[in-house]
Each structure stands twice: as structure tokens, then as C-alpha cells.
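All remarks here apply to the structure that follows.
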Amino acid sequence: MKLKTARIQNYRSIRDTGDFEVEAAKTILVGPNEAGKTAVLQALQQINPPKGVKPFDPLRDYPRAKYNDISTKKVDPKNVPVATVTFTLDEADLAVLPASMKEIKGYSYTRYIANNTSHFLIGAPTLPTVGTIRKDAVRLASHVDGRTPTAEGGLNSTVQTDTLNGLLKDWRDEQVLTATLAVSLKQWADSLIAIADVSEDARIDRLVSACSIASDHEAALKNLNERIPVFVLFSNYFRVRPLIHLGHLADRLDSNILDDEQYDYGNKCLLQLLGFTARELSDLGKAPEPPANEPDALQRYRDQLDKRKYQLNAASVQLTTEIRSVWKPSSSRPEADRLRLDADGQYLKVVIEDELGVEIELDQRSEGFQWLVSFFVVFFAEAADKHQNAILLLDEPGMSLHALKQREFRDTITKLATKNQTIYTTHSPFLVGPNELDRVRVVELNDRNIGTKVHTTITSSDPAALLPLQEALGYDLAQSLFAQQRNLVLEGLTDEWYLAGTAALLADSGHVKLNDKIALVTADTAGKVVYFATILHAHNLKVAALLDSDNAGDAAAEQDTLVHKLGQKGILRTKDFAPHVAKAEIEDLLRDTLPIIARDQLGWDIVDLAAQHSNRPLVDIFSGVAGFSKYKLAKAFLRWTRDNNADALSDMEREAWAKLITAINGALK
């Protein structure tokens, strides 16, 4: 049985979310704070909550602005739906249904604010009403009475008519035939088969068929109700203590007086995972030494302690494997972070052993690591018991994990969702995969009078609701930009246009070719070059940077971080290829051609002025022209390259660009 759709109404900030679809594996709820994401999960849990979960309380859970309707009895809480869900059925579900119900399309279930429920079958045969069977029943009774002797010896008894009237006396024609009434009517009709004439067989068959549908319908509802998955909400992940006194924990659990509910529940789950109760482990730790000359007693003592040791070891291996699947050790430390569970007398210790064999208590590790260990302990303990095949509702999982660990934990959730259908809320872009946008449901609350809405499609009038999706896509896009092994970071887009355009001219003419495996990455400004270079370098990629020789370029080139990451060979400066120009920029490598292009295409005539001031930066000269734009000039150059070749460049320009491209290839070889 899989959850297919859900709808939450009349619960706290929620008036009516509307129906929203739920994915067969995992569904992701995103939205800003106070949108109602947690309320959606809390309401869903009440469909079939685990033991110990508090039921709905109209005083606390009904929308506060509407509570007077309940207190003044204008509204009956039993008629106020909160959580309505539909399920698809698998082969195991269909196997428990009567033959007449095998073709149903699904199952719907509703929990009301008063904690009563209702349910129905989707696509089931139409239930007969009392009115649809009344005529056949009356005529059958009359027929049999007409063939039945009376006490006076004549015919036309009223026995069957009286019996039928007794069965139907409290029923109106529009009422649906219930299973209880159907059973009584079927028994009555069956008892008349031997008495009625053959001509009544068709009427009896219709009555029996109608009664069977009603009975089968109720049996199907009963069987499916028993198969509803448990909805398990993990809103506050319980923690596991690194050091547990087994005797004290057993006393608290036996008396149901918990010292710290979060920790004691986590510790209880840990013991459940081991296959022991706290009392059993405590008693093992107090087992008296056996007499020296009794081999059987010695063997029993040894078996007890070995059983504890082996089960602790098995649990340690399982948890270590799962934790490493998310908290992946580096290639240089493949055996790092082995979790160990050790029992010593009355104490159970949870420690992390590093590759040197040094043991560190769990509470001395990071908050994210502690959360991860505790999550797996609680989940595996619960999943192995009553929560197997449950629907998991996770509220903001993994928020104490580092961003990259969250990405790995996203894969873990996917793995868990193969057996346990999962719905989780998140603000983190790292818990939304770029290929998972179809699994996202946007939760928003723009108007308290309207309440929380859940959108199946990715839409929202509140930009904050879509922020995790935008960030996820942005991160994925950034990763795709850094996919090349060799990367040249440029200050801006116009630098890329000049380099790409001129390199194409020189390659076509056979002068020099820019390595086509080099990706050109624009940083927008010189100041951001160091950030791009650092990120690319962190991905173990080859990186070089081309910087203008103006003030911004000088400042960037002198940053210790950039020099450390790239080295002097990896930082290329335009002044090295246009040495006669002070504070040269990339435009100065096209000093002879750009003024002509600007004059002919844009009407910016600085040809003579540029010749008179040969050591002055070209952009500085252009800045005195009305309407000058570096982007317009670069676009004009690109247009010019379509109709010209490298021979149209001056000898000095070809030489400068050939040196630059050779230097780039050398820096990124």
C-alpha cells in the first residue's frame, strides 16, 4: 500500500492545503519558515500514528480563529476532517480482498479533529441501497407466503412478509445496504430457496448478489484498514548517550520515569537494535563467576558473555557501514571512523575508533556526526520492529550536517525510501537533487485567511518558497561549469569574447591553436577571480588566470591566496603581451584593429587619438566617447571576425596573441 495523495484541512495554520500528490518513493516539501511544513507532517502522522503519539486536541489543533464555531457547537468536531489520504494497492493488498472487490482502484482514509475516522473504496462496485432490493424482497416474501399454509389450513400466510418487515422496519429506501443487514437478508433469502417456485430463482439471485456486494465491501474496508502503514514522524531526532549505565536505565524504563526522554528513548532504541532489553544486558553484567570445577556452568557463563559481545559487534559493523555510506572517509583514511559498542559490567559505551585505534567518546565528535549516529540507531531499531514498511515523515533532517554531507545523506534518504515511503521537509538546497524537481512540493502561507497551501507543481507567489530549488539548480549549474580538467579564469565576459574570437582567427589560419580542452570561466570582476580559482583548485582541476594590468588586476594578482593556488606561472598579465602600454588591458592586444572597427561599425572615431597616445590604455581613450560601452565594442569585434581572418590583424597583434595563447597552453598543459 502506497500513499498517493494527501489533503490537510482545519489544522492550526492550515485551512485547506488542497490535494497534493505524493511520490511512490520520496517527496520533498520546501517553503519558508512558518509556511506550515511541519504542520502538514504532524497532521499526516495522525492517519495511523505509532503508539504513544498524542491524538488531535480540538482546543490546541483546530484553527484558533475558528474555534468559537466548536465551543458554541455550531460545528461538530466529528464532522471536521483534518487529514485525508488515498492509497494505491499492491498485489499483497489485493490478495486479501473478496473476489468482487479485486478491481478497485484505491483506498481513501480520513481522520477528523475528534479523532474519529471514515474510509471508502475507490472504484468499487456501486453499493446497493435498501430501495434497490425492497421490491424483489417484498415480492419474494409475498410469493412464498402465498404458497405457505396458514394455521387454519388455508394458504396466504404472512410469516415471510412479517419477517421482512421486521428486518427493514428501521431502514429508508435511500440508505445504503450495510454488511449487518446484508447478512440477515442473505440468510433469509437462502432459507426460501427450497420453498419458492423455480420462477423466483432470478429474484433470489439478485437479492443474494446485492447482499454479497455489501458484505464484500465491508470486508474489503476492514482488511485494508488493518494494512494502513504506520506514519512515523521524526521531528526531534533522539540522541544516544556515549556512556549508559545499564542498571539505572533499566530501572527508569521499568518505572516509566525517564531521566531525559530524548536520550532514554535513543538508548532504548540502541538496546533494541542489539536485541536486548536494558534489564537483560544489566543482568549479564552482574552474572556471578561460575565454580571452577563445573564445566557446564562455565560454558553457560561464557555463552552469555559471548552472546552479548557478538551482538554488540554485529550492531557495530551494521552502524559503521551505514554511517560510512554518508560520512565517507577520505581515500587516505579508508578505515577511519569505526563505531564500536562495548559493554563493561554495568556500562555500555559508544565510541568512535580512528585508524590508529584511538577511541573517542561519541559526544566528543561533531554535532553532525552525533546526529547521524543517533538517526541510524533510532531508524534501524524502529524499522526492525513495528515501523517496518512504515511511511517516514522527516522534519528538517540533517540540518547539523555539512553541506556536502547533506548531499550524501540525500542519497541515504533515497535508499531508505525504497522500503519506506518518505516525505521530508527541508530548507537546504543540498537535500534537493537537480534531478528531483518532480518530487518537490512547494508549501506557502501568503495569507492567514487562506492558510497554508501545498502545490504539486513548482510554483509559488513567494520567492522565499522557491529559494532551496533556485540554490540547488545554481549549485548544479556551477558544478557543470567546473567540469573541464583545464580552466582559464577571466575577469569578465568581454575578455572571453576577445580571447575566443581571436583564438578562432589564429587557429583557422594555422598560426597557433588554443587547446580546445581549456574551459573559459568568467568571474565578472577581477576581485572575484581568486574565488573562482580557489573553488576550481579545490576540485583538483588545473587553473590559470588572465588579469588586466590595471589597478583592479594588480590588486587581484597580488593576493597571497591566488599566488599560492596558481603559482606565478598560472597568473598571466596583459602587460606581458602589450609591454609598450602602461596598465594594459586585453583590448590593448588589439590596439590597431579595434579603433577601426569602432569607427566603421559604431561611429566612435579615435583612430588618430590612439596613434598619438600609443602608451595610453585604449579603454581610457574610448571612455571620452559619448555612449561608449565595452560590451558594444566587444560585440562589434565578434561581428568583424565573421567576415575577416587573421591576416586582417596587424603583425604586432598576431605576435602578441600568439604569445598569449602559447602561454595559456603552457600554463594548463
Side-chain angles (χ1 to χ4, degrees), residues 1 79 86-110 116-228:
M1 187 179 289
N79 296 328
T86 62
F87 296 96
T88 57
L89 307 180
D90 55 27
E91 292 183 2
D93 299 318
L94 295 174
V96 303
L97 300 181
S100 64
M101 299 290 143
K102 297 289 188 182
E103 300 301 319
I104 66 172
K105 305 302 181 184
Y107 175 60
S108 179
Y109 190 90
T110 298
N116 55 310
T117 63
S118 65
H119 55 176
F120 68 88
L121 305 176
I122 302 171
T126 303
L127 279 173
T129 63
V130 173
T132 60
I133 58 93
R134 187 184 292 275
K135 287 182 180 179
D136 277 337
V138 168
R139 287 171 180 169
L140 177 61
S142 178
H143 168 80
V144 173
D145 281 341
R147 298 168 56 87
T148 303
T150 63
E152 292 77 18
L155 297 177
N156 293 321
S157 167
T158 63
V159 172
Q160 300 305 327
T161 299
D162 292 341
T163 301
L164 178 63
N165 289 337
L167 292 173
L168 300 180
K169 66 177 181 178
D170 296 324
W171 293 86
R172 300 187 304 275
D173 283 354
E174 65 271 16
Q175 289 181 292
V176 172
L177 202 62
T178 65
T180 302
L181 178 58
V183 169
S184 299
L185 284 172
K186 185 176 182 298
Q187 291 174 346
W188 173 75
D190 287 342
S191 70
L192 302 181
I193 293 175
I195 305 173
D197 189 83
V198 176
S199 62
E200 294 298 308
D201 285 354
R203 184 171 283 121
I204 292 174
D205 289 344
R206 289 197 298 271
L207 273 173
V208 171
S209 176
C211 293
S212 296
I213 290 176
S215 298
D216 290 352
H217 189 277
E218 185 131 336
L221 285 173
K222 179 178 180 297
N223 292 341
L224 292 178
N225 181 264
E226 293 172 352
R227 298 178 64 83
I228 296 176

Within the side chain of [X], is there an N or O that forms a donor-acceptor pair under 3.5 Å with the backbone of [Y]?
| X | Y | value |
| --- | --- | --- |
| Thr158 | Thr161 | no |
| Asp93 | Asp90 | yes |
| Thr163 | Val159 | yes |

Looking at every heavy atom in both [X] and [Y], which two are closest together, and how far apart are they?
| X | Y | value |
| --- | --- | --- |
| His143 | Glu200 | CD2-CG, 3.2 Å |
| Trp188 | Ala141 | CZ2-CB, 3.8 Å |
| Ser215 | Ala182 | OG-CB, 3.8 Å |
| Ile195 | Arg147 | O-NE, 3.4 Å |
| His217 | Ala124 | CD2-CB, 4.1 Å |

For the pair Lys222 and Glu218, find out whether any cationic side-chain nitrogen is under 4.0 Å from an anionic carboxylate oxygen.
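Here Lys222 does not pair with Glu218 in a salt bridge, since their nearest N and O are not under 4.0 Å apart.
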Hey, what do you get for [atom1] ([X]) to [atom2] ([Y]), rounding to the nearest 0.5 Å?
| X | Y | atom1 | atom2 | result |
| --- | --- | --- | --- | --- |
| Met1 | Thr88 | CE | OG1 | 8.5 Å |
| Ile133 | Arg203 | CD1 | CZ | 12.5 Å |
| Arg227 | Leu89 | CZ | CG | 9.0 Å |
| Ser108 | Leu224 | OG | CG | 11.5 Å |
| Asp162 | Leu167 | CG | CG | 11.0 Å |
| Ile213 | Leu177 | CD1 | CG | 10.0 Å |

Residues in side-chain contact (heavy atoms from CB on, under 4.5 Å) contact with Asn79, at least two apart in sequence or another chain:
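In terms of side-chain contact (heavy atoms from CB on, under 4.5 Å), with neighbours along the sequence ignored, Asn79 is linked to Asp76.
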Identify, with sequence neighbours excluded, every residue that meets side-chain contact (heavy atoms from CB on, under 4.5 Å) alongside Arg134.
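Residues passing side-chain contact (heavy atoms from CB on, under 4.5 Å) with Arg134: Val130, Val138, Leu168, Asp173.
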[Y] and [X], any side-chain heavy atoms less than 4.5 Å apart:
| X | Y | answer |
| --- | --- | --- |
| Asn225 | Tyr109 | yes |
| Phe120 | Leu127 | no |
| Leu207 | Leu185 | no |

Check: residues 95-107 side-chain donor-acceptor pairs under 3.5 Å, at least two apart:
| from | atom 1 | to | atom 2 | distance (Å) |
| --- | --- | --- | --- | --- |
| Ser100 | OG | Asp216 | OD2 | 2.7 |
| Lys102 | NZ | Leu94 | O | 2.7 |
| Lys102 | NZ | Leu97 | O | 3.1 |
| Tyr107 | OH | His119 | ND1 | 2.6 |

